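Since we're looking at a predicted model, the values are computed, not measured. Here is how names work: the chains are called A, B, and so on, in the same order as the sequence lines, proteins then strands, and each is numbered from 1.
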There are 2 protein chains.
Amino acid sequence: MAATIKDIAKLAGVSTATVSRVLAHKTAFFSAATAQKVQAAAATLGYQKNTAAAELVTRQSHVIAAVVNSTKTNFASQIIEGIQAEAHRHDLNVIILYAGDADAEQQRRALMTVIERPVMGILLLSVDLAAENLTLLQQSQLPYCFLSISFDGERLPYITSDDWQVGYLATQALLDQGHRRIGLAGVDSDFHTGRLRVLGYTQALKNAGITAAPDWIQLGNYSYAAGQTAMRAYGAKTSLTAVVGASDMAAIGVMNQARDLGLAVPTDLSIIAIDGTELCSLVQPSLTSVSQNFYEMGIAGVQQLRAKEALPQKITPIQLVNRQSVRRLNGDRK
Amino acid sequence: MAATIKDIAKLAGVSTATVSRVLAHKTAFFSAATAQKVQAAAATLGYQKNTAAAELVTRQSHVIAAVVNSTKTNFASQIIEGIQAEAHRHDLNVIILYAGDADAEQQRRALMTVIERPVMGILLLSVDLAAENLTLLQQSQLPYCFLSISFDGERLPYITSDDWQVGYLATQALLDQGHRRIGLAGVDSDFHTGRLRVLGYTQALKNAGITAAPDWIQLGNYSYAAGQTAMRAYGAKTSLTAVVGASDMAAIGVMNQARDLGLAVPTDLSIIAIDGTELCSLVQPSLTSVSQNFYEMGIAGVQQLRAKEALPQKITPIQLVNRQSVRRLNGDRK
DNA sequence: GCACTTTACACAAACGTTTACAATAGCTTT
DNA sequence: AAAGCTATTGTAAACGTTTGTGTAAAGTGC
């Protein structure tokens, strides 16, 4: 139905080879006159290139696939904007795939969709790949890089913040404001990221001569619900004066639950969030945060894919952003 | 580098035709014995199918492209989940493309990425296509459907809520609670969607014998900032007792700005949001909303693409969800 | 006017699949 | 035992491109 270069060739009275060269702007391969004819023919036929066919013969693709896990937290869009920006600079296209939350089967489908087609590389945003799917990915021989997630033993390529620093910096910020009883809410301890944040948190406290009571750390999956649950566990008469939320969502969960328990933020309880997405400034009071540089992660991810030699890991900077959810503690409360 | 069916054919000692048939499970075309051999060969070679090549000859694709505009508001993920669910039911894959906000060039790139490749159809989520890009889309001959956006004159296929009803229902809900001075904040009047909402709003007031003062309607682009700006325009001593936010984001903008102006929600000002995404329950007080059924839009969109005969438009239901941001007005305030 | 280079184009193979058609072998019928 | 099936497999064309090689015509230098 749709016009092909064959149709153009016929209409312009040249060979398909010439058409291809003209359309690809391979100058010094054709005269201005034929270029004219070809362009005209293409225009009247409403020609649309079939890039898939072209990629088949050139054996190279210009599309980057970004695989995201369904957004329990919401930083993905910032990473994607970074990816888009850098991709555009190098004339690459970006397609995005949803891989669901923890459903290995859905992950597999997303992965297959891109592996079976020509893509130049795969970026995985905070997706914790099931073992069999990781094998799939590696078998595909395609360049790939994990973003905003880290791994312990295996030497997988990833780009993320220094999660130990994240935990440390958040905790230290609260210590600096005079807090000494500090919780950590909604963090996950099954994966490397969460474990590192806990370690950073613990170390900061230790440096200040404080030992975290076991119930100060409430585990969870970084979600809003996890934050709520954690705060419910702390209770209305908690001895804590501050809480580190494992993510923006978790911090909001903590904050809303605290309010429901009759605790005002930051008067009765200070909160600091980890991530620093736009959500932090949407809520009231706005949330002080340890902000990750998601945009740069996206950029670095694309660069990683383009690089011949993969240097396997990279750390992006973090930054404390002061907003309204942390109160300076002068004397002792309680 | 990667193994092809040719390699499998050689290893298994059969023709590529047979390999293809075995791998495609075209039963009754081969014996169990050869199937065995082929499968084994495929496994040892780590064969990955090149679907692009297959799609080239079969001239049909199993992927649906969803084009989203960068998320100023955030309902896209719900629509996408609907798309995914329905697509999965029919063995279709989904890829997502970012088309930016209002940058025609970025739109074009996103569109081209999919038009030039084999896709079975295109879903456009709330993207307001530049005229030249619409032409591009239509030239491609691909099935397409707009979601969560409507058009006036042109007969384009779209699926969305009844925007007049949305405006009407939100306003009526406030009238039912005794409000009579009601603003509309952050709505856009350049496009059909916004105009319809304004009309519904105006009609509801009119039915109650109220004429909206010109400054009750504050135009904007549905964003958080638009909500803030609107509220700033109303001012601290506004005579309004309630405001309809044009989107969840806009409503939050109104609410936070109101608080900054010293107005408590809902005590001093009631707010109702349009969209009803999860954001509504994240903020405090949670936002009463006219909720759209985004998930169903996604489902309907996929069905539309699959349908032979396109019935061009479809309306999905809406629903009032009561939360905490609307106060019942008994006597008159002011 | 010869040898040589350049310019401008066409031919045809290749990319990795699917599938219509042909071909072979073994059975069944008669 | 000839004819006709059926089951299984192979051959080769096709999808829409790109690109190496070939070649005729035109231009250049002597």
Check side chain to side chain contact (heavy atoms under 4.5 Å, CB included) between F151(B) and all other residues, then give those that pass, not counting sequence neighbours.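 Partners of F151(B) under the side chain to side chain contact (heavy atoms under 4.5 Å, CB included) test: F146(B), I149(B), E154(B), L156(B), Y158(B).
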Which residues pass the side chain to side chain contact (heavy atoms under 4.5 Å, CB included) test with I8(A), not counting sequence neighbours?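 Checked I8(A) against side chain to side chain contact (heavy atoms under 4.5 Å, CB included); matches are V19(A), L23(A), V38(A), A41(A), A42(A), L45(A), Y47(A).
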Will you find, in the side chains of [X] and [Y], an N or O donor that is under 3.5 Å from an N or O acceptor?
| X | Y | result |
| --- | --- | --- |
| T316(A) | E296(A) | no |
| H88(A) | Q84(A) | no |
| Y98(A) | E81(B) | no |
| S223(B) | N221(B) | yes |

OP1 or OP2 of dT18(C) under 4.0 Å from side-chain N/O of K26(B):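 The answer is no; no side-chain N or O of K26(B) sits under 4.0 Å from OP1 or OP2.
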According to a strict under-4.0 Å criterion, is R59(A) in side-chain N/O contact with OP1 or OP2 of dG16(C)?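 It does, given that an N or O in the side chain of R59(A) lies less than 4.0 Å from OP1 or OP2 of dG16(C).
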Comparing K49(A) and V57(B) on DNA chain D - which has the more 5′ nearest nucleotide: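 The residue whose closest nucleotide sits nearer the 5' end is V57(B).
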Are there any protein N/O atoms within less than 3.5 Å of an N/O atom in nucleotides 25-27 of chain C, and if so, which ones and at what distance?
none

Could you write nucleotides 22-28 of chain D as a row of B, S and -, 5' to 3', where a protein heavy atom under 4.0 Å of any base atom gives B, of only sugar-phosphate atoms gives S, and otherwise -? -------
Base, sugar-phosphate alone, or nothing: which one does Q48(A) contact when heavy atoms must sit under 4.0 Å apart?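 Contact class for Q48(A): sugar-phosphate only.
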So A53(B), base contact, sugar-phosphate only, or nothing? Heavy-atom distance under 4.0 Å.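 Result for A53(B) = base.
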Could you state the atom-to-atom distance from CD1 of I8(B) to C1' of dT18(C) in whole Å?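 Rounded to whole Å, this separation is 14 Å.
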Strand contacts (DNA chain D) in residues 29-38 of chain A, 4.0 angstrom heavy-atom criterion: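 Result for residues 29-38 of chain A: none.
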Near-strand residues of residues 15-22 of chain A, defined as heavy-atom separation under 4.0 angstrom from DNA chain C: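 Per residue number, the list reads S15(A), A17(A), T18(A), R21(A).
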